[in-house]
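Both counts, for ligands and for their atoms, begin at 1 and track the order of listing.
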Amino acid sequence: MEIIHFSAECYPVAKVGGLGDVVGALPKYQNKLGHVAKVVMPAYQTKFLHQHDFEVVYDGWVRLGYTNFQVRIFREKTNELGFDLYLVHIGGLLDREKVYGYDDDTERFLAFQIAALDWIAQWEHQPNVIHCHDHHTGLIPFMLGNCHNYRHLNHIPTVLTIHNAQYQGQFGWDKLYYLPAFDLRNSSKLDWGNCINPLASAIKCAWRVTTVSPSYLEEISYNANGLENLLAQERGKSFGILNGIDVEVWNPQKDPMLTKGFNARTVESGKKANKDAICAIFNLDKEKPLFTFIGRLVGEKGADLLPDIFYNALQQSDGEINIIALGSGDPHVEDRLNELTHQFPGSYNAYIGYNEALSHQIYAAADFILMPSRVEPCGLNQMYALRYGTIPIVRRIGGLKDTIIDIGDGGFGICHDQTSIWDVGHAIGRAYELFLDQKKVKEIRKFIMALDHSWDKAAQQYIDLYQM
Ligand code: ADP
Ligand code: GLC
């Protein structure tokens with residue numbers, strides 16, 4: 001089966017969050033199952049682009065309203081990612097350093113989708129499935145089914161994976177003229193809330209819809225940033241498939257970013273070496289339990305509460321715990337997390353910014369990872385933490401609920417019900433108590449490192465869905 005994944009992110013080419021991790025891994029695992037999965041994404045000005053060799057497979061123009069932009073599509077020559085990677089270069093729109101966050105993101109991702117379809121429309125053969133990830137590629141199912149230019153492709157099945165329904169990419173009807181011509185009687189397939197809403201359109205037009213965990217599929221029928229009714233209406237074609245992790249990239253035994261590699265047998269000495277290194281760099285006490293938060297500093301992750309949660313925990317524990325935060329996002333939260341560094345030198349530190357290698361080191365070094373998310377469609381951090389012997393403290397929501405069982409229920413993590421300062425504070429207290437029982441901690445570490453969250457199972461579940 002030939003599967004084309006369309007995405008705005010793909011690790012290690014360009015990653016902002018978990019979307020990048022998923023699209024960098026799922027195609028590889030699908031290829032291992034004997035299929036041909038490829039990734040098509042924008043060519044940003046990233047390190048990856050400059051460090052690899054490419055061949056041009058398409059040279060043309062893309063029309064966006066009244067403007068034409070030059071397009072070049074590059075194929076990475078070595079196939080080192082485990083799948084064919086195609087980068088869509090559009091001068092003046094996509095060739096920038098960041099993935100998102102520009103005023104013309106609507107134009108950028110529209111041009112990307114149209115250019116990619118124009119290219120596929122010229123192929124001599126046709127792929128078996130087109131798999132779109134999130135709203136940046138959400139207009140593809142509509143365009144394939146409705147635009148005159150792609151009429152000959154309209155029998156290709158499309159799948160939409162919703163990684164996060166909070167972000168929908170909506171824009172005004174005044175930009176309708178950007179889209180290639182279609183029968184205007186079908187305009188309602190683009191509409192949600194009097195806007196052109198790419199995520200809503202994909203939910204309507206894709207042949208199948210998936211969410212990245214079963215619990216999230218349930219939750220979006222009552223919490224999906226305005227799309228609840230639509231999702232309820234399309235429930236019949238929707239499935240929840242829990243993400244996996246790339247156990248080759250996230251392998252504590254072979255991870256080149258760690259101070260010392262380790263496995264379940266050597267976990268105690270391995271984690272100690274990594275913790276010693278992190279504590280030395282960040283001026284923390286290596287004898288005390290190390291708590292961490294890694295992630296985007298946004299409301300969905302409960303990041304606005306972190307400064308108060310940390311302040312209370314550090315104050316109440318009287319210097320008995322250490323905390324290190326790694327993240328970027330809301331500038332106000334960033335400032336407050338930085339300020340705490342001056343209040344609790346020696347037991348708290350923060351790295352504000354994005355740092356892939358440091359994230360690996362912290363997963364390996366920490367004793368506990370906090371995920372007090374308000375919304376968590378899947379969450380990968382908790383699965384990376386498990387594999388690196390770090391005990392997750394999570395809110396029971398979305399994918400966190402599907403992956404972590406509380407020790408009180410015979411499980412291996414610490415769960416709380418609400419994203420509140422009190423709930424998380426209480427959970428930290430439970431973690432501290434647990435830490436005092438080192439025998440139990442050692443048992444849990446060995447157990448969680450052996451849990452299997454590899455993509456093997458989910459990659460097959462997607463294939464079953466395509467076959468359906
Ligand atoms: P989301 O996609 O909502 O951000 P996930 O848990 O699915 O959440 O994935 C987050 C991914 O991004 C993980 O690989 C995590 O390690 C990584 N990450 C988040 N923030 C940072 C950061 N500041 N530095 C390095 N890696 C980060
Ligand atoms: C989104 C979600 C996150 C999920 C990731 C990968 O960014 O916020 O929960 O793990 O996508 O599917």
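Taking every heavy atom of Asp21 and a limit of under 4.0 angstrom, the matching atoms of ligand 1 come to 11 (C), 13 (C), 14 (O).
Gly18 N, 2.6 Å is the protein heavy atom nearest to atom 2 (O) of ligand 1. Of the protein's heavy atoms, Gly295 CA, 3.6 Å lies nearest to atom 19 (C) of ligand 1. Residue, atom and distance of the protein heavy atom nearest to atom 5 (P) of ligand 1 are Leu380 N, 3.7 Å. Looking only at heavy atoms of the protein, atom 16 (O) of ligand 1 is closest to Tyr363 OH, 2.8 Å. For atom 4 (O) of ligand 1, the nearest protein heavy atom (residue, atom name, distance) is Arg296 NE, 2.7 Å. Considering only non-hydrogen protein atoms, atom 13 (C) of ligand 1 sits nearest to Asn381 OD1, 3.3 Å. Summary of contacts: the protein heavy atom closest to atom 23 (N) of ligand 1 is Gly353 O, 2.8 Å. When only non-hydrogen protein atoms are considered, atom 22 (C) of ligand 1 lies nearest to Tyr354 CD1, 3.5 Å.
Taking the six-membered ring where the residue is Trp, the centroids of Phe344 and Tyr311 are separated by under 6.0 Å. Aromatic ring centres of His5 and Phe83 lie farther apart than the 6.0 Å criterion allows.
A donor-acceptor pair is defined here as one N or O able to donate and one able to accept, closer than 3.5 Å; no such pair exists between the side chain of Thr292 and the backbone of Ile369. Side-chain N or O atoms of Trp192 include none that pairs as donor or acceptor with a backbone N or O of Leu199 at under 3.5 Å. Checked by atom type and distance alone, the side chain of Asp104 never pairs as donor or acceptor with a backbone atom of Glu107 at under 3.5 Å. A donor-acceptor pair under 3.5 Å links the side-chain atoms of Ser201 to the main chain of Lys189, judged by distance alone. Although no hydrogens or angles enter the test, the distance criterion places no donor-acceptor pair under 3.5 Å between the side chain of Asn274 and the main chain of Gln361.
Contacts between Lys15 and ligand 1, counted as non-hydrogen atom pairs separated by less than 4.0 Å, involve the side chain only. At a 4.0 Å heavy-atom cut-off, ligand 1 touches Asn355 through the backbone alone. With a 4.0 Å cut-off on non-hydrogen atoms, Lys301 touches ligand 1 through its side chain and not its backbone.
Salt-bridge annotation for Glu2 and Lys38: present, with a side-chain N of the basic residue lying under 4.0 Å from a carboxylate O of the acidic one. Using a 4.0 Å cut-off between a side-chain N of Lys or Arg and a carboxylate O of Asp or Glu, Lys401 and Glu218 do not qualify as a salt bridge.
Residues meeting the ring-ring contact (aromatic ring centres under 6.0 Å, His included) test with Tyr11, sequence neighbours left out: none.
Stacking of Arg108 on the aromatic ring of Tyr102 is not recorded, the 6.0 Å distance cut-off and the 45° axial limit not both being met.
Heavy-atom distances between Tyr384 and ligand 1 reach below 4.0 Å in at least one pair. Within the structure, ligand 1 lacks Cys378 among the residues with a heavy atom less than 4.0 angstrom away.
By the 30° and 60° cut-offs, the orientation of the rings of Tyr388 relative to Trp250 is perpendicular. Ring geometry, Phe109 versus Tyr100: the interplanar angle falls from 30° to 60°, so the pair is classed tilted.
The protein residues lying under 4.0 angstrom from ligand 2, judged by non-hydrogen atoms, are Gly18, Leu19, Val22, His163, Asn164, Val212, Asn243, Arg296, Glu376, Pro377, Cys378, Gly379, Leu380.
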